[in-house]
Visitor: 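Dropping a structure here in structure tokens format, bear with me for questions.
All values below come from the heavy atoms of this structure, side chains included, with hydrogens, waters and symmetry mates left out. Naming: A, B, ... by sequence-line order, numbering from 1 per chain.
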Amino acid sequence: MSEISITLPDGNSRNYPAGVTGMDVAKDISTSLAKKAISCSVNGEHRDLSRVIESDAEFAIHTMQDDAQALELIRHDCAHVMARAVQELWPDVKVTIGPVINNGWYYDFDRAEPFTPEDLATIEKKMREIINKKDMVRTETWDRARAIKFYEDNNEPYKVELVNMIPEGEDLRMYWHGDWQDLCRGPHLVHTAQIPGDSFKLMSVAGAYWRGDSNNAMLQRIYGVAFKNKNDLKAHLHMLEQAALRDHRKLGREMDLFHMQEEAPGQVFWHPNGWRIYTTLQDYMRRKQTAGGYVEVNTPQVVDRKLWEASGHWEKYQENMFIVEVDEDHAREKAVNALKPMNCPCHVQIFNQGLKSYRDLPLRMAEFGSCNRYEPSGALHGIMRVRGFTQDDGHIFCSEDQIEEETKVYIEFLSEIYRDLGFENFRVKFSDRPETRSGSDEVWDKAEQALLSATRAAGIEPEMNPGEGAFYGPKLEFVLTDAIGRDWQCGTHQVDFVLPERLDASYIGQDGAKHRPVMLHRATLGSFERFIGILIESHAGKLPFWLAPRQVVVASIVSDANDYAQKVVDDLRASGVRAETDVRNEKINYKVREHSLAKVPVILAVGMKEVEQGSVSVRRLGQKQTSVDAFETVKLGLAKEAIAPDLA
RNA sequence: GCUGCCGUAGCUCAGGGGUAGAGCACUCCCUUGGUAAGGGAGAGGUCGGAGGUUCAAUUCCUCUCGGCAGCACCA
């Protein structure tokens with residue numbers, strides 16, 4: 001047997017016979033290390049300690065101190081232990097897959113009966129029993145035929161399918177946690193008792209399609225979270241509770257911003273407070289767009305199907321469109337229309353009016369375009385995913401040569417706006433060509449390169465989203481995150497080669513001939529609805545002063561100060577501050593509590609002292625201390641604070 | 001759209017085969033109080049909708065609408 005050289009992280013090497021296991025090496029280094037060891041890295045690959053090492057390698061032992069590895073193993077072993085628990089409790093349940101995800105894991109099961117919350121408690125208990133058995137984790141490499149036979153004999157059809165999906169020639173690894181066995185890539189812990197029994201929790205059960213395909217059977221997915229210790233678990237559960245308090249649906253009600261109701265699912269009834277946020281944001285965007293060289297337009301809501309047929313929406317998007325058929329009694333001629341789900345075809349209609357010259361390009365056309373999409377009922381979510389919404393939409397008509405420059409300009413435009421709105425960090429996803437697409441590979445090459453280099457020129461390294469582009473062109477997505485960590489696409493920037501062709505847009509080039517423009521679809525906020533939802537959640541309702549619907553409440557302490565309170569409010573309003581009085585027959589404690597809960601940024605309390613000296617007592621949201629200052633000074637300060645960041 | 005769960009007063013929720021309850025909010029009265037709930041009284045509900053079972057349904061069953069979580073979708 002030949003010798004191999006194992007190089008440890010401290011740079012020292014040791015020689016071992018080929019076929020030594022990670023655990024052998026750990027024991028050789030020290031017995032106490034071997035006891036603590038949970039896994040190892042071999043040439044950077046995370047592996048089981050029980051796996052043999054065949055050739056020279058860079059080698060490191062991992063213990064519970066190594067967070068990344070420890071958490072991956074704990075969560076992965078939890079998945080296996082949970083699947084084992086489920087099959088011990090209900091032997092007829094079929095197992096499928098169970099990967100590690102953020103904060104935990106899930107495992108998908110096929111079972112006729114639904115899992116109940118009580119079942120989750122039972123499973124958790126069973127998991128703790130299994131952990132306490134301290135079963136060693138064993139692994140073997142099998143060939144396909146043996147694995148298929150095994151799973152066929154055990155009536156595990158999903159596993160058979162999984163084995164068949166694994167490419168020919170790749171090792172099949174089998175893991176045992178005690179008697180229970182699963183096909184798995186690994187790695188795993190040394191024994192199950194390395195899972196901290198008090199640091200995991202089963203969270204929920206929900207449906208999930210087998211292999212993520214809605215044509216397949218619906219399985220039951222159990223989600224769990226797991227950490228290294230009880231405190232981390234508690235901290236995580238606490239974080240979830242805090243996040244729930246930031247939910248825009250809850251805050252929207254509490255702050256009286258909007259409501260939704262059964263008669264208009266997926267559509268927003270904006271209340272005065274919410275609409276003030278909306279219009280403030282819209283005014284801001286209009287100024288930014290004007291400054292950014294856009295011309296603003298407005299286009300029809302209800303458009304004949306002929307246009308949608310021409311644009312391709314009728315064929316590709318009809319399921320998501322509200323179709324409007326006009327009754328013959330009411331119309332001279334029966335017409336089939338659709339509410340516009342997007343603004344782009346209408347914008348091309350405007351572009352197509354009159355003859356365009358290359359000198360007109362790039363033409364940046366913007367619309368606060370109200371769209372209606374018949375979104376699947378299960379997709380609706382508060383005001384973040386709705387059926388009626390308004391995009392800060394825009395289409396840039398340009399030549400192919402201008403794509404890169406226009407993209408650069410746009411990323412700068414968007415970054416400035418996101419910064420103003422408090423989003424210093426946002427993620428950019430880049431989606432390239434999908435399998436079914438229009439346009440030649442040469443054009444795609446060019447467009448993808450243009451987007452990528454423009455993004456990198458802005459100092460942003462995009463996340464790759466291979467094959468996820470639209471059929472008509474590649475795209476950039478600008479992603480923000482909600483209170484509980486769900487990603488939402490807000491901004492978008494997409495290249496489109498197809499629509500100008502379909503709707504026959506053209507311009508006269510320098511050469512005097514007709515050319516096809518390229519369209520760049522872009523939206524910065526995405527939709528006002530979604531963006532305001534994100535804004536509410538990211539600020540936990542405490543919007544920056546300039547966006548706050550009610551900026552100041554002037555609360556009287558005694559009724560003799562009511563007239564003064566009104567005068568203060570009138571003055572503030574004249575200075576451009578959104579102020580209201582609260583002269584109700586309530587104590588100041590009551591008023592302070594109520595307006596603080598309503599997240600009003602500034603409360604000005606006025607009593608007889610303030611009346612006499614022309615002052616106000618200033619209390620800022622979230623601060624306990626107050627200060628009494630001359631009203632004129634306070635007014636100037638607040639008036640300045642109320643100015644939008646682009647005007648400041 | 002799919003799977004599961006949920007739908008009782010404006011809000012948060014309790015209840016449960018014999019036609020409903022709490023706290024907060026609301027209205028009125030008392031109280032003029034100095035920075036996160038002063039006191040009292042009152043009003044408020046065809047228990048999401050439609051069928052069915054039953055002497056009797058808000059409660060049990062079916063369907064339907066809406067919401068929530070996840071999946072799928074997201075031009």
Visitor: Closest nucleotide of RNA chain B for A:Gly622 versus for A:Pro114: which of these residues is on the 5' side?
Guide: A:Pro114
Visitor: Verify whether the ring centers belonging to A:His271 and A:His259 lie closer than 6.0 Å.
Guide: yes
Visitor: Please give, in whole Å, the distance from B:G67 P to A:Phe269 CZ?
Guide: 12 Å
Visitor: Taking the side chain as everything from C-beta on, heavy atoms only, tell me whether A:Thr96 gets closer than 4.5 Å to A:Trp210.
Guide: yes
Visitor: Can you give the dot-bracket line for RNA chain B, where a pair is Watson-Crick or G-U wobble with both atom distances under 3.5 Å, crossing pairs use [ ], and | marks a partner on another strand?
Guide: (((((((..((((....[..)))).(((((.......))))).....(((((..]....))))))))))))....
Visitor: Nearest to the side chain of A:Lys609, which nucleotide is it out of B:C26, B:G34, B:A36?
Guide: B:G34
Visitor: Can you see whether A:Gln391 engages A:Glu529 through a side-chain donor-acceptor pair at a distance of less than 3.5 angstrom?
Guide: no
Visitor: Would you call A:Met260 and A:Val386 a side-chain contact if the rule is heavy atoms closer than 4.5 Å?
Guide: yes
Visitor: Write down the distance between CD (A:Glu254) and P (B:A25), rounded to a whole number of angstrom.
Guide: 14 Å
Visitor: In whole Å, what is the span from the CG atom of A:Asn216 to the C1' atom of B:G1?
Guide: 15 Å
Visitor: Is it the case that the side chain of A:Asp496 and the backbone of A:Leu520 share a donor-acceptor pair, with hydrogens and angles ignored and the cut-off at 3.5 Å?
Guide: no
Visitor: Once each nucleotide of nucleotides 37-45 of chain B is scored for protein heavy atoms under 4.0 Å, what B/S/- sequence comes out, 5' to 3'?
Guide: BS-------
Visitor: Is A:Arg385 close to A:Arg530 at the side-chain level, that is, under 4.5 Å between some pair of heavy atoms?
Guide: yes
Visitor: Do the ring centers of A:Phe368 and A:Phe528 come within less than 6.0 Å of each other?
Guide: yes
Visitor: Could you tell me if the side chain of A:Asp110 sits less than 4.5 Å from the side chain of A:Val93, heavy atoms only?
Guide: no
Visitor: For the pair A:Glu594 and A:Arg584, find out whether any cationic side-chain nitrogen is under 4.0 Å from an anionic carboxylate oxygen.
Guide: yes
Visitor: Is there a donor and acceptor pair closer than 3.5 Å between the side chain of A:Glu610 and the base of B:G34?
Guide: yes
Visitor: Could you check how far CG of A:Asp563 sits from P of B:U32, rounded to whole Å?
Guide: 19 Å
Visitor: Answer yes or no: is there a side-chain heavy-atom contact under 4.5 Å between A:Gln551 and A:Leu638?
Guide: no
Visitor: Let's see if you can work this out: which of B:G1, B:C65, B:U32 has an atom nearest to the side-chain heavy atoms of A:Glu262?
Guide: B:C65
Visitor: Between B:A69 and B:U62, how far is it from one P atom to the other, in whole Å?
Guide: 25 Å
Visitor: In whole Å, what separates the P atom of B:C24 from that of B:G17?
Guide: 29 Å
Visitor: Without decimals, in angstroms, what is the distance between A:Asp108 CG and B:C2 C1'?
Guide: 14 Å
Visitor: A:Glu612 CD to B:G34 P: how many Å, rounded?
Guide: 15 Å
Visitor: What string of B, S and - do you get for nucleotides 68-74 of chain B 5' to 3' if you count protein non-hydrogen atoms under 4.0 Å?
Guide: SSBBBBB
Visitor: Can you tell me how far P of B:G4 sits from CG of A:Leu219, to the nearest Å?
Guide: 13 Å
Visitor: Only one of A:Phe531, A:Phe478, A:Trp488 clears ring pair (Phe, Tyr, Trp, His ring centres under 6.0 Å) with A:Phe423; which?
Guide: A:Phe531
